[in-house]
Amino acid sequence: MKNEGETAERPDNTAFTQQRLPAWQPILSAGIVIPGFLLIGLAFIGIGVGLFLTSQTIQVLERDYTGFDKDSPCFSCTNPNTQNCTCEITIALSELFKGPIFFYYGLSNYYQNFRKYGVSKDYYQLTGDTKSFKSPQESCSPFDFDSNKNVIVPCGAIANSMFNDTFELYHIINGTKKQVPLDGKGISWWTDYNLKYRNPSFVNGSFAKAFDGTVKPINWPKPAYELDLTDQSNNGFLNQDFLVWMRRSALPEFRKLYRRITEGDYSAGLPAGNYSLTVHYNYPVLTFDGRKKVFFSNVSWMGGKNDFLGIAYLVVGSLCVVMSVVMLIVYAKFKFSDDDA
Amino acid sequence: MRLVKRRWKDVRVGDFVRVLSNQIIPADILLLHTSDPNGVCHMETANLDGETNLKQRRVVPGFSTLGKPFQPQTFSSTVVCENPNNNLNVFKGYVERPDKRRTGFGIDSLLLRGCTVRNTDDAAGIVVYTGHETKSMLNNSGPRYKRSKIERKMNTDVLFCVLLLFFMCLIGALGHSIWLETFTTMPSYIVPDRNGNYTPSVLAGFYMFFTMIILLQVMIPVSLYVSIELVKMGQIFFITQDVELYDEELDSRVQCRALNITEDLGQIQYVFSDKTGTLTENKMVFRRCTILGTEYCHDENAARLAVVSGANEEEEDTLYQQTKLPPLFPLEELQDSHTGDKNHANTQVTAANRRRSRVAAGAQSDMAFSTPLETVVVPDRKLMLEVDRQMASILCGPYLDFFLALAICNTVVVSTVTAQRERVKGRSNSAYSGGSFHIMGQWFRKGSLRNVFSSMKFFKRGEDTLADPFAKDEDEPDMFHSSDVSDSTTGQKVISSESEVKRSLSGTEEVCYEAHSPDEAALIHAAKAYGFTMVERTPYYVTVKLPDDTLLKFEVLDVLTFDSTRRRMSIIVRHPHTNEIIMYTKGADSAIMERLGNVFSDMSQVDNVAKQIAVKTQKDLDMYARDGLRTLCFAKKVISEKEFKAWFAIRQEALSAIDEKEERLLDTATYIENNFTLLGATGIEDRLQESVPETIQALRRAGMQVWVLTGDKPETAINIAYSCKLLDHEDLVFTFSTNRKSVCKMRLEDTLGELRRSSLSPGAEVQFRGNNSAFTLMEHSIGLVIDGPTLSMAMSDDLVEQFVELCKHCRAVLCCRVTPLQKSSVVKLIRQKLRVMTLAIGDGANDVNMIQAADVGIGVSGQEGMQAVMASDFAITRFKHLQRLLLVHGHWCYSRLANMVIYFFYKNVAYVNLLFWYQFYCGFSATAMIDYWLMIFFNLLFTSAPPIMFGIMDKEVSDSTLLSLPELYKKGQHSEGYKRSTFWIAILDAFYQSLVCFFIPYWTYNGSDIGIFSFGTPMNTVSLFTIILHLAIEIKSWTVVHWVIMIGSVLVYFIVTLAYSAICTSCNPPSNPYWIMHKQMADPMFYLVCILTTVVALLPRYTLHVLRGTLAPSPHLSARQLERLPPSHREQRIREWRGLRDTCISPSLRSQEHSSSPCPSA
């Protein structure tokens, strides 16, 4: 029997305190890792092939409509003095462009990730809090009040700089233009539309009254409550285009979803033929050497076209296989010389 | 007059304070009155220095009012004393009475704050120092803050990180300026200020520099410092938990008093050891004596010692089975064949002590020097006869004088068993207060509640056992037969009556000795064995019981205490029968021999006998020294009344002197101490501790140089050095002992020249290297023995370089007769000149300097009090524990901490660089693509536990392998675990990994419609995987804890991130991570990116590890592979390895300035 009095200080003789816990001690050596490398290599090559093939099936149509060149159709619109300029871009499809088709606009050299730009908004306004319609957050400055000290709603640089080119797509069948229906619903995140952004509640049954005492952002042609005259629910802070714009892009070259082509005759895709894209050219980018593009793309399980990942997997996979071969040689040689010695 | 109760804080200088028995003294008090008739007050200084023997304090001479209560009103003198200082052993001052008479006093009249009054009903005095001016508080300077070698190195690397941060911020600032310059008109995403103006690009860049600092500040690993503290706490926990470093006898574990230098234990290059008490037991055992030139070898005693040491081992084995301990002498036998109650007393005390020593072990060493080993001496038969003859015939004679000298010429205090019991009781409460780590340790241990519980229990048991320590012993089996000893004396001794035996059996007032030094204890017990029992000691009287039970009460006229200059002590007494004034002196042989009365000058008949005695004694002394015994000479001198009076007057004057008191006292002592008549000499054995040779050998093999610094004389020291394998008989030993500097210089130069010549002829060495490793080894086994005076010459400015050079060539250095100060200066010299990590280990107050001077100070809590332990960083109980402490724990702590620090640097850089690379794509605007909270959580929650666990628990090589292959320790000595290159490789790897972690997602998502924080989420995840798996590559052994923490960290990441991005829809603008993680985790691309990036990021490091493991395995890796072999196979491989090592380590040892050449593998 152990006596407490005499050995009170005696440390507990357990595996933990004596650092004798059963342990797995891996020893890295060529012999053990060769199969590992080979396995990883082969798996990666497999994934790479899959990704690459998937990516190849995705069709992408890309058109720059900035109007930088004199002979481009939108060149005339680049003059900052022209108002309500429209230009037309013709697209010829030699084969069926499979649907559902996603229609993006893209900007280059556009830094939505600029830090001060990113903070320039008022979340309380965007959640429909009318108190902040009177006193917007400091972060919106200088886009919080207009010159007459009226509150700008939605305030801030992001909202103010919202992309405002609009597009219409026509299918030219025998010289007549047939408009392709563009679906603007559900292009933003479900959570943005349903949870994160909220419109202010109606005042006296009128949505516009909720915005009383405020002014529209300086660059906007219309106030927030009139963004979509055709669809009442697509107005205010819940306007899909607004939501898409408010989700700042990570990199200076980006695209944003504009519409989807899912309806009517075109639900299966755009058949071969000639198309005309009418651009209502409003958004200036040439001052900072930016570019504007439109993208038509269909998607797969891996999203849009992405050759890089497939190739990267292939390269790394092959590298692993090569490495395992090298190691095999090293291992054999080492073993050999070891035995020799 | 009335005494009032006051709080400690209200005590002022000049107050009169009365303290009762067992109370703690509230301030430094000059003792003016005690209840003791002799004006003595006992106090226990365990709180101050851990020493458990009682210290005697006496009333300032002339102030004792015997029997009367203390009356402060009548005190009208002025007390003058020195300024407060921290010297616990020196205090001087004087009391000036109204009539201008001055009385000096010293430390022996001062009650120290924090001590406890014992055995004295009450003591009173005047307060001289209070509060922070008291000696105990001034001594309490707190632990010296030491910074470990790794931490010093780490700090410079932190500076590199700062530099790196600076450059990154500069790049950010310049980049921002240049980026702004490219715009002729400002685009809509650049936000102007309130007035619509844009900040000039240069100014914006300037601001950006500081914004970048905020963004990238994680680069400077502030959390590293916190983590290191936690890791060290964990490491210390495991060190103190090691059951192999636990001492059953003393019931004490290793104590870590310094909390921040655990890893220094793994980098020691030089070990400086004390001899007495560190290498040896410091349990002094009386072995032999020589009286009047006749040597008594005490063979029976030697035989007994052999048995006792055997019994001790057995005792340890059976401790848990609660076997009753057999007494050394069976009781029946004693009653049958009496040798007189002297032997009896002996036995009883032994049994009692033995019990007590084990019972009270919880309170550290209970009473000093009282194990059976020390207390029991079996008398030499021949000598016993001699003594008895002299006892019978006359009451004086050289033999009697010799034993009287043994019995009274000391400062041993007699106390009673009852007093002992009280103290054991008292101390059990404070047993847990010692040691700085104890306080912290309490939370580590089973919780403080259990502590209280166990100490209570202990206390109870203590009482039980002490109450009837003898009852149990009576029917216990015989273990050692002493009948033969008894037989020889029975016939001649009158047997005391049965009732007397019973009285002594009841043991109510049995004597216990409280000795300051183990030598004294050994001697007094030896005297007791021959029937000369000191029964009482007061400042004025000392009473000795002679073998025939008569009591001799000597009046003590003066005591000349021991000091290191004189190296002797004397007591001047008046013999009660003859009324002669006799001075008994004991001291080192040289200190006595040179002061014998006219031995070598006069050739008269009488002195010729004395001369012969002296010569014979010297011969015996030399023999003792060769046997490694400690020698002491005893001498006597009869002083005439007149001479004494004259001298005493001078002495009193010196005593009351204020200036140069020490010198004057020394002069008076030297004046009287001459013309001795030699009585004899004793040889005391200081036994080597167990496993000392093995430990020294292991430390050596681990590449440590072991030096022994001792105050002993060269002969004894060299003997011990041989017996503990510090020196080998094959070694070439240079002995430096001279008084002339020129000689010293010449010797140094000669020796060095010789050594250089031999090391400059490599031909012979190469030739012999292959087939005869012993030869090469032998060539370099150079030992150096140097004594104190020579050492101080060698360390003078002009010779020091040569001395150090010589030391580098020596395998063993032995410094004898060195003072404490020299010990520390040797340590400092080596530390500074050779820039090596030093460790000093010692047990006594004389080692304190050395312990404090070294990088790591280790105290051996042994027989000589706690001063060394108090000054140390780590306290162990046995020298052999050093092996495990250094080779296992030191090595573990070092490599764990080194790896952890490197990893931490890597981790921070790898993570922060992600943000940095992003700056190139956001106009250097200091945008973070990861939510701020997640960034904070990343360091705080997701990746904090694994490195800490790594630093506490990783185990590259098991302890048994580390012990069997001490060579592995060299990794720490050469700082291989954490070099500058290791740091930069880690930083480079971090850069590479961060590039991968950024650019693979970048190329994947570039041009797509991904949002900022959706872009940051895979990066954050990838870098978590990379960082965790990077650690997984580094972890050498995976226990359950590892798995739990590693997998737990990943799980916590996902749980916290998912929860965080689900709970609030609009919190933490502008990042607002709402639903981002969920959206990403629903996307197959996320997983594909994560897998690819992690693999690519870790591929190089993994491959490197594999290749290194295959092509050039480090010794540690080979050792790990050894562990996988079956035991039999393993031993053979280890032996092979050792052989291989020896041949290739030895040449590198010779030239330490060259980096050690790597061992050719295979």
Side-chain angles (χ1 to χ4, degrees), chain A residues 1-2 4-11 13 17-19 21 23-25 27-30 33 111-120 123 127 141-142 157 161 191 195-196 247-257 287-288 301-304 306 308-309 312-313 316 323 330-331 334 341, chain B residues 183 185 187-192 194 196 238 241 243 246 251-253 320 322 358 361-362 454 457-458 461 921-923 925-927 929 955 1003-1004 1006-1012 1015 1036-1040 1065-1066 1069-1070 1074-1075 1084-1085 1088 1092 1095-1096 1103 1105-1106 1109-1111 1120-1121 1162:
Chain A
M1 194 193 81
K2 191 169 142 181
E4 279 282 337
E6 288 178 2
T7 55
E9 282 285 300
R10 188 187 174 85
N13 195 0
T17 55
Q18 299 309 313
Q19 307 190 57
L21 285 175
W24 173 60
Q25 298 191 309
I27 292 182
L28 300 177
S29 69
V33 294
Y111 288 80
Q112 260 204 316
N113 55 17
F114 192 72
R115 188 173 57 86
K116 279 187 184 158
Y117 176 84
V119 298
S120 188
Y123 264 96
T127 51
S141 162
S161 64
T191 50
L195 295 165
K196 201 161 143 183
R247 189 158 282 281
R248 293 183 293 139
S249 55
L251 296 164
E253 188 178 334
F254 61 90
R255 62 175 95 156
K256 281 182 184 291
L257 191 55
T287 51
F288 54 86
W301 57 270
M302 59 175 279
N306 193 337
F308 168 77
L309 209 57
Y313 263 97
V316 174
M323 200 93 84
V330 164
Y331 181 63
F334 171 77
Chain B
F183 299 110
T185 51
S188 51
Y189 48 83
I190 294 182
V191 184
R194 179 154 285 286
F238 279 121
Q241 284 293 326
V243 82
Y246 167 76
D251 186 34
S252 83
R253 324 167 167 194
Y320 282 113
Q322 194 65 21
R358 298 181 53 239
S454 61
K457 209 164 165 188
F458 149 68
R461 176 171 161 80
Y921 300 94
C922 67
S925 61
T927 309
M929 69 291 193
K955 192 156 82 174
W1003 282 319
T1004 309
N1006 193 21
S1008 75
D1009 58 344
I1010 194 155
I1012 290 190
F1015 181 62
K1036 303 298 188 307
S1037 77
W1038 291 77
T1039 65
V1040 185
T1065 46
S1066 63
Y1074 188 65
W1075 220 251
M1085 289 291 276
L1088 288 173
L1092 180 73
V1095 167
V1096 173
T1103 316
H1105 264 253
V1106 171
T1110 317
L1111 295 178
R1120 292 180 66 199
Q1121 280 158 351

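Any value given below was found using the heavy atoms of this structure, including those in side chains, with hydrogens, waters and symmetry copies removed. By convention in this document, chain letters (A, B, ...) are assigned in the order of the sequence lines, proteins followed by strands, and residues within each chain are numbered from 1.
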Structural part of [X] lying under 4.5 Å from a heavy atom of chain B:
{"X": "A:Thr127", "result": "side chain"}
{"X": "A:Met302", "result": "both"}
{"X": "A:Gln18", "result": "side chain"}
{"X": "A:Tyr117", "result": "both"}

Heavy atoms only, distances under 4.5 angstrom: which of [options] has the most pairs with chain B? Name it, please.
{"options": "A:Ala312, A:Ala250, A:Ser141", "value": "A:Ala250"}
{"options": "A:Gly304, A:Ser161, A:Pro252", "value": "A:Pro252"}
{"options": "A:Tyr111, A:Tyr313, A:Phe308", "value": "A:Tyr111"}

Legend entry - Whether B:Tyr189 and A:Phe288 hold their rings parallel, tilted or perpendicular, with breakpoints at 30° and 60°: perpendicular
Between [X] and chain A, which part of the residue has a heavy atom less than 4.5 Å away: side chain, backbone, both or neither?
{"X": "B:Lys1036", "value": "backbone"}
{"X": "B:Val1096", "value": "side chain"}
{"X": "B:Ser1008", "value": "backbone"}
{"X": "B:Tyr1074", "value": "both"}

Minimal non-hydrogen separation, [X] against [Y], with atom names:
{"X": "B:Phe238", "Y": "A:Gln19", "result": "CB-NE2, 3.2 Å"}
{"X": "B:Ser1037", "Y": "A:Ala23", "result": "CB-CB, 3.9 Å"}
{"X": "B:Val243", "Y": "A:Arg10", "result": "CG2-NH2, 3.9 Å"}
{"X": "B:Thr927", "Y": "B:Ser925", "result": "OG1-OG, 2.9 Å"}
{"X": "A:Asn306", "Y": "B:Met1085", "result": "ND2-CE, 3.3 Å"}

Inset, instruction - Can you measure from CG (A:Leu251) to CZ (B:Phe1015) and round to the nearest 0.5 angstrom? - result: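 Going from the CG atom of A:Leu251 to the CZ atom of B:Phe1015 covers 4.5 Å.
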Inset, instruction - Using a 4.5 Å cut-off on heavy atoms from C-beta on, say whether the side chain of A:Asn113 contacts that of A:Ser249. - result: no
Legend entry - Close side-chain approach of A:Glu9 and B:Asp251, heavy atoms under 4.5 Å: yes
Inset, instruction - Assess whether atom NZ of A:Lys116 is packed by more than 12 heavy atoms of other residues, nucleotides or ligands within 6.0 Å. - result: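 Open.
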With respect to chain A, which residue among [options] yields the maximal number of heavy-atom pairs within a distance under 4.5 Å?
{"options": "B:Cys922, B:Ala926, B:Ser188", "value": "B:Cys922"}
{"options": "B:Gly1011, B:Pro1084, B:Gly1109", "value": "B:Gly1011"}
{"options": "B:Leu1088, B:Ile1010, B:Thr185", "value": "B:Leu1088"}
{"options": "B:Asp1009, B:Ile1012, B:Val191", "value": "B:Ile1012"}

